[in-house]
Structures are given as C-alpha cells and as structure tokens.
Amino acid sequence: MLASGGIAGMIGTHLVVGETYRFLDGDLVVSGFAWSGLLVALLARHRPGPMLAAGAFFAALQIGGLAMQRNVNVPWQIAQVLQAVVIIMIAGRFVLKARRETAAVIEGETTVTGEV
Amino acid sequence: MFEQLFDSALVESVVRALIPILLAALGGMICDRAGVFQISLEGMMLVGAFTAVAGSYLATSATVGTVIAMAAGSAFSLVLAYGAVSRQGDPIVIGVAVNLLALGLTSFLLPQLFGVRGVFQDPRVDGLNRFPIPFLSDIPIVGPAIFRSTIPGYLAMLAVPALWVFLFRTPIGLRLRGVGERPVSAETLGVNPTQYKYAAVVASGMLCGLAGAQLALGNVVQFSENMSSGRGWIAVVAVMLGRAHPAGVLGASALFGAAEGLGFRLQGNGLPVQITDALPYVATLVALALARKRFKRILELTAA
C-alpha cells in the first residue's frame with residue numbers, strides 16, 4: 001500500500017514538475033489517469049510486461065482521440081467509448097480461452113463456445 | 001449558528017440527496033446478495049439520467065422519461081450480466097469499463113442529439129411532479145421532506161421494507177441469497193444461479209435508471225455531463241457499510257445524504273466548495289473506520 005501510494009505520488013510530481021510546471025486544479029481528475037491505470041493493471045493481470053503494452057495501447061487511444069478531435073473534429077469521447085468496449089471484449093475473451101483449456105482437460109476435446 | 005444550519009429546508013435537501021443514493025444502493029444490495037460484485041451503479045445511473053431527459057424531451061412527459069430511464073438502465077446492466085455471469089469475466093474490470101462506457105457514450109451523444117456541450121436544458125423537458133400526501137405532509141420539519149416527494153422518491157422509501165420482505169420472507173428471496181452464499185448448494189436444489197444473477201443485475205439496472213431519472217428530472221430538470229458525479233460510488237460504499245441489509249443500506253445512504261445536504265448548506269454559509277465536496281467522502285472514511293471492528297468480527301465469524 002505504501003509503495004503504491006509512493007508511485008502514485010510520483011505521477012503527481014511528474015505532472016506538476018515535469019509537464020505543466022504549475023499546480024492545475026483538477027488536472028489529475030480530468031485526465032482520468034488513475035482509472036485508466038487501474039484498468040491497465042487489471043487487464044494485464046498484474047504482470048509487468050503486458051502492463052507496459054496495455055498502458056501504451058491505452059495512452060495511444062487517449063492521445064489519438066484528442067488528436068482526432070483537433071484535426072478532423074471527431075469528438076474525443078469516441079476514444080473513451082472505444083476504450084470501454086475493448087476492455088469489455090478482452091475481459092470476456094480471457095475467460096473464453098481459460099474455459100476452452102479446462103474443457104479440453106475435462107472432456108479431452110476443445111469446445112467452441114459462442115461468439116466473442 | 002445551529003438555528004441557522006438546521007431547519008426543515010435542510011431536512012428536505014438531505015432527503016433529496018438521499019433518494020438517488022438509496023435507489024442505487026438498493027440495486028447494489030440485491031446484486032451483492034446474489035453474489036455479483038456490482039460497481040457499475042455509477043454508469044447505469046448516468047445512462048438513466050441521460051435517457052430520462054432525452055425521453056422527457058421527446059415525449060414532453062416525465063413519466064415516459066422515467067420509464068425509458070428504467071428500461072435503459074436495465075438494458076445497460078446486461079453488459080455486466082453477460083460479461084460477469086455468462087462469460088465469468090472479472091466483474092470489477094467490466095464494471096469499471098461499463099462506467100467508462102456510460103460516461104463516454106452520454107458525453108458523446110449529448111452534442112450529437114441536442115447540439116449542446118456540457119449542460120442540456122430545455123423548457124420541453126418535463127420535470128417530475130411532487131405529490132404531497134394530505135395530513136402527513138403537514139407534520140413539521142419531516143413532513144414536507146418525506147411526504148411531499150416524487151414518484152421515484154416514494155418508490156425508494158417503499159422499496160426498503162418491500163425488499164426486506166422479499167429477501168428474508170419469500171422463497172424467491174431465500175433462493176436469491178442462496179445463489180449468492182452457496183451457489184453449489186443452490187444449484188443442487190434445482191435453482192438456476194445464472195437466472196437469479198441476471199435478474200439481480202437487471203433489477204439493479206432498473207433501480208439505477210430510476211435513480212438517474214430522479215436525479216435529472218426530480219432534483220433538477222436538466223442533464224449535465226457526468227451528473228451522477230460519484231453518487232454511484234457512494235452507493236457502492238453504502239452497500240458495504242450497510243452490510244447488504246435494507247435497514248443498514250438505508251442508514252448508510254441517510255448518512256451520505258446528510259453529508260451532501262449539509263455540505264450544500266455549509267457552502268451557503270461561506271465554506272469553500274472544495275471542503276464541502278469532500279464531506280461525503282470524509283463521512284465514508286470515518287464510517288468505515290468506526291465500523292471496522294464489527295467488520296472484523298463478521299469476517300472471523302464467516303471464516304470459522
């Protein structure tokens with residue numbers, strides 16, 4: 001718990017000292033870093049390697065969404081929706097794989113269950 | 001000082017803040033009893049608020065808006081039901097994603113459908129009427145607050161005893177609790193856990209839709225981006241604090257409602273917004289710290 005608090009504190013330091021050079025009210029809340037971070041950790045199933053990949057993917061989605069709004073006037077919320085849909089899909093798929101494996105162990109054959 | 005702070009208007013604002021939290025928390029309670037960890041209350045409430053305003057605007061009727069909000073809440077809850085029950089995915093991952101989806105979807109649809117950003121307000125949006133109950137609403141202080149409410153408000157108050165009877169005095173309620181506590185035993189007795197879990201999640205979606213309708217058509221008559229603003233999360237805590245018991249949930253919701261209502265009042269008396277905004281969360285932490293001893297005993301009892 002202490003370590004996680006320390007690391008989270010580093011994010012705040014990075015934001016204030018590294019990027020904006022000032023304390024902005026609601027800077028962390030608006031960006032939603034904490035929630036995205038939680039989802040990244042859960043999606044990568046608490047393994048550091050996949051966490052880097054998942055983090056990069058989410059960052060790309062968010063920054064890409066903002067860029068799309070600036071350049072072609074597509075609302076950035078679309079990126080948020082996409083992110084949510086991706087998470088829901090992946091959360092379902094992990095299980096599908098696990099279930100196939102257990103089914104294979106139990107019945108000695110792989111069963112394909114429905115669409116993803 | 002105290003006469004300035006505590007009067008019937010304060011009680012009224014506490015009840016107003018309490019009703020959406022209570023409705024959502026009751027939904028969460030049903031899910032908790034059925035063994036589904038439900039943290040997408042916030043998202044479903046937001047969807048309910050949006051569809052309530054949209055329905056009320058298109059049909060110029062608050063009743064239609066409320067019904068649409070309940071339908072939309074239940075439909076939206078199916079995402080969690082399918083992902084967590086049928087697919088056995090992690091309910092926390094899916095729940096957080098559902099919240100994100102609701103926030104993105106409503107913020108995206110707001111400018112697309114109504115051409116405004118941030119806040120949507122229109123005279124065509126019909127607000128929920130208040131129905132005073134004769135005699136009872138004349139009781140000083142509590143009368144106007146409790147017995148001059150909207151339909152969702154009365155439903156919330158009636159739902160507390162109704163759900164208690166349902167959970168603890170009916171066979172279906174017993175089976176629902178069985179599914180949550182001992183799924184295998186429930187299944188051997190011929191109860192289909194999937195069915196009960198789906199029903200619980202959909203019921204929570206319906207209650208959250210109702211909470212959203214009360215928020216967007218009862219408390220105010222408008223929709224603003226992210227207008228549930230953490231009430232769904234507070235409802236999640238209320239379920240835990242109330243130990244998923246209707247009376248406990250009512251008490252916890254009342255505590256948070258009081259913190260919110262008192263916060264608004266203190267704002268009027270010159271306290272900074274940031275401090276009063278933190279009040280419900282401070283109440284959460286204090287309540288959790290105080291209740292810890294009891295939690296510990298329960299944990300020991302369940303472990304034994």
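So that the names make sense, note that chain A is the first sequence line, chain B the second, and so on, each numbered from 1.
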B:L80 versus chain A, heavy atoms under 4.5 Å apart: side chain, backbone, both or neither? neither
Using a 6.0 Å cut-off, check whether atom CZ of B:F114 has over 12 heavy atoms from anything other than its own residue. yes
For residues A:Q80 and B:G104, report the shortest heavy-atom separation together with the two atoms involved. OE1-CA, 3.3 Å
Please report the shortest heavy-atom distance between B:L105 and A:V81, naming the atom on each side. N-CG2, 3.6 Å
Measure the CD1-CG distance between A:I87 and B:D90 for me, rounded to the nearest 0.5 Å. 12.0 Å
Take atom CG in B:L58; do more than 12 heavy atoms of anything else shown fall under 6.0 Å from it? yes
So, taking the atom named CE in A:M89 and the one named CZ in B:R87, what distance separates them when rounded to the nearest 0.5 Å? 10.5 Å
If every non-hydrogen atom of A:A84 is compared with every non-hydrogen atom of B:A97, which pair is closest and at what distance? CB-O, 3.3 Å
dist B:Q112:CD -> A:I78:CD1 (nearest 0.5 Å) comes out at 7.5 Å
Residues forming a side-chain hydrogen bond (donor to acceptor under 3.5 Å, both in side chains) with B:E181, sequence neighbours excluded: none
